[in-house]
Amino acid sequence: MTRTLSREDVVRLCERVEGAQTRAYAIPKLTNEYPDMTFDDGYAIQSELRRRFLSQGHKLVGWKAGLTSKAKMEQMGVDEPSIGFLTDKMAHPENSVISVAGLLHPRVECEIAFVTKAELSGPGCTAADVLEATDYVLPAIEIIDSRFTGFSFDLESVIADNGSSARFVGGGRARFPNDIDLRTQGVVFEKNGEIVQMGASAAVLGHPAKAVAMLVNILHNLGEVLPAGSFVMSGGITEAVAVKPGDHVIARYQDLGSVSVRFSE
Ligand code: OOG
Ligand code: MG
């Protein structure tokens, strides 16, 4: 554990991120002011943000792994995955219309989500442990929205910004993990009827269950476990795609059906 920020700094930076998230304005990445900030500092700010949202009545529904595919790491210029928390306020039903009014520069990602039926805890959580604890998997679209100017950040800053989490949509056809090959799950991602990205689930750390195991091991470092009934997104398979009002996106999966969402002003 390497922390450089005082408790006062953590609270101050958390308030800065919370303001940018809830009122949708851009802020400079935090490392401009605190160049020595570490990942642990980032998670301290993220944990404070989670504590605040939960105290305001938001419900924790799960977690997300991010930056787990090479496409995403290259797009964002980082070389390590991270995690963030998900609340009921971020969840939207399949086929819903999402207003971009509360967002700065939204992008969409196609992901595989896991719903768990047993508690998972680290350290040493493996992909096999994850598959055993998985109730079902389903396709998801994540809408990310960095609060940092120009969608430009480093890992320390994006961790503090809760991994750019903004909205998410689960849907499609839920399946038992053993009934499909979760490693070679193909996906075609369309925007306004045109294919904009395609990929296979192995892009996510070789197997998306590995991303969930990694997430559980990071949770251990935060002093947390993953309770049964959690919704966990394993990370974008392809690059994220920018969206604007009027856009319609659909992610079509080989064995998991499809999930779609529309955007409005
Ligand atoms: C960080 C969040 C990345 C994913 O699925 O890789 C993420 C970002 O790119 O803003 O959610
Ligand atoms: Mg994501």
Side-chain angles (χ1 to χ4, degrees), residues 17 20-21 24 26-31 39 42-43 45-46 49-50 61-87 90-92 98 100 103-114 137-172 185 187 189 196-215 218 230-243 249 251 253 259 261:
V17 169
Q21 289 199 2
I27 54 174
K29 63 180 188 327
L30 306 183
T31 43
F39 297 165
Y43 281 116
I45 297 168
Q46 184 191 117
L49 189 67
R50 175 163 46 101
V61 296
W63 291 84
K64 62 166 269 184
L67 305 163
T68 48
S69 66
K70 202 166 240 149
K72 278 291 308 178
M73 289 191 217
E74 280 176 0
Q75 183 180 30
M76 303 321 300
V78 300
D79 53 14
E80 250 186 87
S82 63
I83 71 167
F85 62 88
L86 301 174
T87 71
M90 304 175 189
H92 287 255
I98 294 183
V100 302
L103 303 170
L104 280 157
H105 33 211
R107 294 179 181 177
V108 289
E109 301 178 318
C110 47
E111 310 205 7
I112 291 177
F114 292 66
V137 293
L138 73 165
I141 290 178
E142 180 172 25
I143 297 99
I144 52 169
D145 189 36
S146 177
R147 268 54 64 160
F148 299 120
T149 312
F151 222 118
S152 159
F153 51 67
D154 40 39
L155 207 48
E156 294 80 4
S157 298
V158 73
I159 288 168
D161 186 26
N162 194 24
S164 309
S165 299
R167 314 271 186 271
F168 65 88
V169 177
Q185 201 47 223
V187 60
F189 204 20
V196 282
Q197 293 287 335
M198 51 187 140
S201 52
V204 172
L205 297 182
H207 191 301
K210 285 194 188 156
V212 180
M214 173 219 69
L215 180 146
I218 295 180
S230 293
F231 176 87
V232 184
M233 288 193 295
S234 54
I237 295 169
T238 71
E239 269 185 24
V241 175
V243 286
V249 297
Y253 290 74
V259 52
V261 59

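Indexing begins at 1, ligand by ligand and atom by atom, following the structure's order. For the numbers below, each heavy atom of this structure counts, side chains included, while hydrogens, waters and symmetry mates do not.
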Minimum heavy-atom separation for [X] to [Y], with atom names?
{"X": "Pro106", "Y": "Leu104", "result": "CD-C, 3.8 Å"}
{"X": "Gly84", "Y": "Trp63", "result": "O-CE3, 3.1 Å"}
{"X": "Pro208", "Y": "Ile112", "result": "CG-CD1, 4.3 Å"}

Looking at [X] and [Y], would you say the former's side chain and the latter's main chain have a donor-acceptor pair under 3.5 Å?
{"X": "Thr68", "Y": "Val204", "answer": "no"}
{"X": "Gln197", "Y": "Ile237", "answer": "no"}
{"X": "Ser146", "Y": "Phe148", "answer": "yes"}
{"X": "Ser234", "Y": "Ala211", "answer": "no"}
{"X": "Asp161", "Y": "Val17", "answer": "no"}

Does any N or O of ligand 1 fall below 3.5 Å from an N or O anywhere on [X], backbone included?
{"X": "Thr68", "value": "no"}
{"X": "Leu67", "value": "yes"}
{"X": "Gly236", "value": "yes"}

What residue and heavy atom of the protein are closest to [atom], and at what distance?
{"atom": "atom 9 (O) of ligand 1", "value": "Lys72 NZ, 2.7 Å"}
{"atom": "atom 10 (O) of ligand 1", "value": "Ser164 OG, 2.6 Å"}
{"atom": "atom 4 (C) of ligand 1", "value": "Glu109 OE2, 3.1 Å"}
{"atom": "atom 11 (O) of ligand 1", "value": "Lys64 NZ, 2.7 Å"}

*asked:* For atom 2 (C) of ligand 1, which of the options Gly66, Ser165, Gly163 provides the nearest non-hydrogen atom?
replied: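 Among Gly66, Ser165, Gly163, the closest heavy atom to atom 2 (C) of ligand 1 comes from Gly163.
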Side chain, backbone, both or neither: which part of [X] has a heavy atom under 4.0 Å from ligand 1?
{"X": "Gln75", "result": "neither"}
{"X": "Ser146", "result": "neither"}
{"X": "Glu111", "result": "side chain"}

With heavy-atom distances below 4.0 Å as the criterion, list the atoms of ligand 1 near [X].
{"X": "Met76", "result": "9 (O)"}
{"X": "Ile144", "result": "8 (C), 9 (O), 10 (O), 11 (O)"}
{"X": "Gly235", "result": "5 (O)"}

_With salt bridge (Lys or Arg N to Asp or Glu O under 4.0 Å) as the rule and sequence neighbours excluded, what pairs involving residues 197-207 come up?_
none
*Work out how many protein N, O or S atoms lie closer to the Mg ion (ligand 2) than 2.8 Å.*
3
_Working to the nearest 0.5 angstrom, can you tell me the gap between Met233 CE and Leu215 CG?_
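Met233 CE to Leu215 CG: 10.5 Å, rounded to 0.5 Å.
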*Is Met73 atom CE crowded by more than 12 heavy atoms from other residues, nucleotides or ligands, each under 6.0 Å away?*
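Counting other residues, nucleotides and ligands, CE of Met73 exceeds 12 neighbours.
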_Phe151 and His105 aromatic ring geometry - parallel, tilted or perpendicular at 30°/60° bounds_ = tilted
*Ion pair present between Glu109 and Lys72, side-chain N to carboxylate O less than 4.0 angstrom?*
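Yes, this pair counts.
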